[in-house]
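Side-chain atoms are counted along with the backbone in the values below, which use heavy atoms only and exclude waters and symmetry mates. So that the names make sense, note that chain A is the first sequence line, chain B the second, and so on, each numbered from 1.
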Protein chains: 2
Amino acid sequence: MPRMRHSRLDCSPGCAVEATLGLIDGKWKGVVLYHLLDGTLRFNEIRRKLPSVTQRMLTNQLRELEADGLLARKVFAEVPPRVEYSLTDRGRSLRPVIMALKAWGDANAALFAAPAALDAAPAAA
Amino acid sequence: MPRMRHSRLDCSPGCAVEATLGLIDGKWKGVVLYHLLDGTLRFNEIRRKLPSVTQRMLTNQLRELEADGLLARKVFAEVPPRVEYSLTDRGRSLRPVIMALKAWGDANAALFAAPAALDAAPAAA
DNA sequence: CAGTATCCTATTAGATACTG
DNA sequence: CAGTATCTAATAGGATACTG
């Protein structure tokens, strides 16, 4: 069972930066958080938004986010089963962070598309 | 030689979130970027700010940041050698992102100190 | 001072199959 | 539908020693 991620607390004061990063890294956490900003989603709804995530990975990432108090998991005793994921207050408080990441990514999309565009690109603010 | 990190581009539109994250994850990149926001630093100056980083890791992280166009490495032909690291314009454009990460981390410091404080804590905005 | 070079371990992530 | 369970591959990260 994959528990125990980097503690990353052996710094300061940049420590806070790494601590926050530690909660939202993991290959899919950022996107998951991003999509949940729009509201509650079921397991397979999230999955459909992440074309190449495996079931196992998505479960892991969701469990870690839950363990970190960023999202809530609500299981409905139905057949077929239904599980809904939504952000907690703490999770929602990450909105500015997520949006800052997204804004920069959008502004620098060229960087990701063409690695060689480094010199040419205008380095958008 | 550790090259080739996750491409993370198989999403959308949360893609931008992961793309940005991909550039600043790595166990030390966030802090390095943070410290360089204050100005140019030499190799060992950075190292001193990161008590437990190894020489190898710091070098790796710095090289990746450089390859991603976020920082510039300036070598002085002196004895003893001197190498200065500073943010590029693109690196500086990450300031809002880094500061958002830091702000959240500071506001939620309790979360990192005591993992059990999840319920009690007030979930600062 | 600012790295390289090796070697080795731990953590992450993917594939695949099965289940309440 | 929403997971588990295994097994394995890839990657990140650390320890240590050496060098221009």
Considering every strand and a 4.0 Å limit on heavy-atom distances, what is the contact class for [X]: base, sugar-phosphate, or nothing?
X     : result
A/F76 : nothing
A/R47 : nothing
B/Q61 : sugar-phosphate

Would you kindly give the [atom1]-to-[atom2] distance between [X] and [N], to the nearest whole Å?
X     : N      : atom1 : atom2 : answer
B/E64 : C/dG3  : CD    : P     : 15 Å
A/F43 : D/dA2  : CZ    : C1'   : 6 Å
A/L62 : C/dT12 : CG    : P     : 16 Å
B/E45 : C/dA2  : CD    : P     : 8 Å
A/R82 : D/dA2  : CZ    : C1'   : 13 Å
B/N60 : D/dG13 : CG    : C1'   : 9 Å
B/I24 : D/dA12 : CD1   : C1'   : 17 Å
B/L41 : C/dC1  : CG    : P     : 15 Å

Between protein and nucleotides 14-20 of chain C, map the contacts as a letter string: B base, S sugar-phosphate only, - none, heavy atoms under 4.0 Å, written 5' to 3'.
BB----B
Of all the nucleotides listed (C/dT4, C/dA2, D/dG3), which has the minimum atom distance to the side chain of B/R63?
C/dT4
Within-4.5 Å side-chain heavy-atom neighbours: [X] and [Y]:
X      : Y     : answer
B/L101 : B/Y34 : no
B/L87  : B/L94 : no
B/E64  : B/E66 : no

Using purine N1 to pyrimidine N3 plus N6-O4 or O6-N4 for Watson-Crick, or N1-O2 and O6-N3 for G-U wobble, each under 3.5 Å, what pairs with C/dG20?
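With both distances under 3.5 Å, C/dG20 matches D/dC1.
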Tell me whether the OP1 or OP2 atom of C/dA2 has a side-chain N or O from B/R42 closer than 4.0 Å.
yes
Using a cut-off of strictly less than 4.0 Å, decide whether B/Y85 has a side-chain nitrogen or oxygen near OP1 or OP2 of C/dG3.
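True: B/Y85 side-chain N/O within range (under 4.0 Å) of C/dG3 OP1/OP2.
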side-chain contact (heavy atoms from CB on, under 4.5 Å) for A/W28 and A/L58? Distances and angles first, verdict last.
CA-CA 7 Å; A/W28 308 97; A/L58 183 54; 5.5 Å; no
Regarding B/E45 and B/R47, does a basic nitrogen lie under 4.0 Å from an acidic carboxylate oxygen?
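Between B/R47 and B/E45 there is no salt bridge, as every charged N stays at least 4.0 Å from the carboxylate O atoms.
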Using a 3.5 Å distance criterion without hydrogens, assess whether the side chain of B/E18 forms a donor-acceptor pair with backbone atoms of A/V31.
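Yes; at least one donor-acceptor contact below 3.5 Å.
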Would the distance check show the side chain of A/T20 and the main-chain N or O of B/W104 forming a donor-acceptor pair, the cut-off being under 3.5 Å?
no
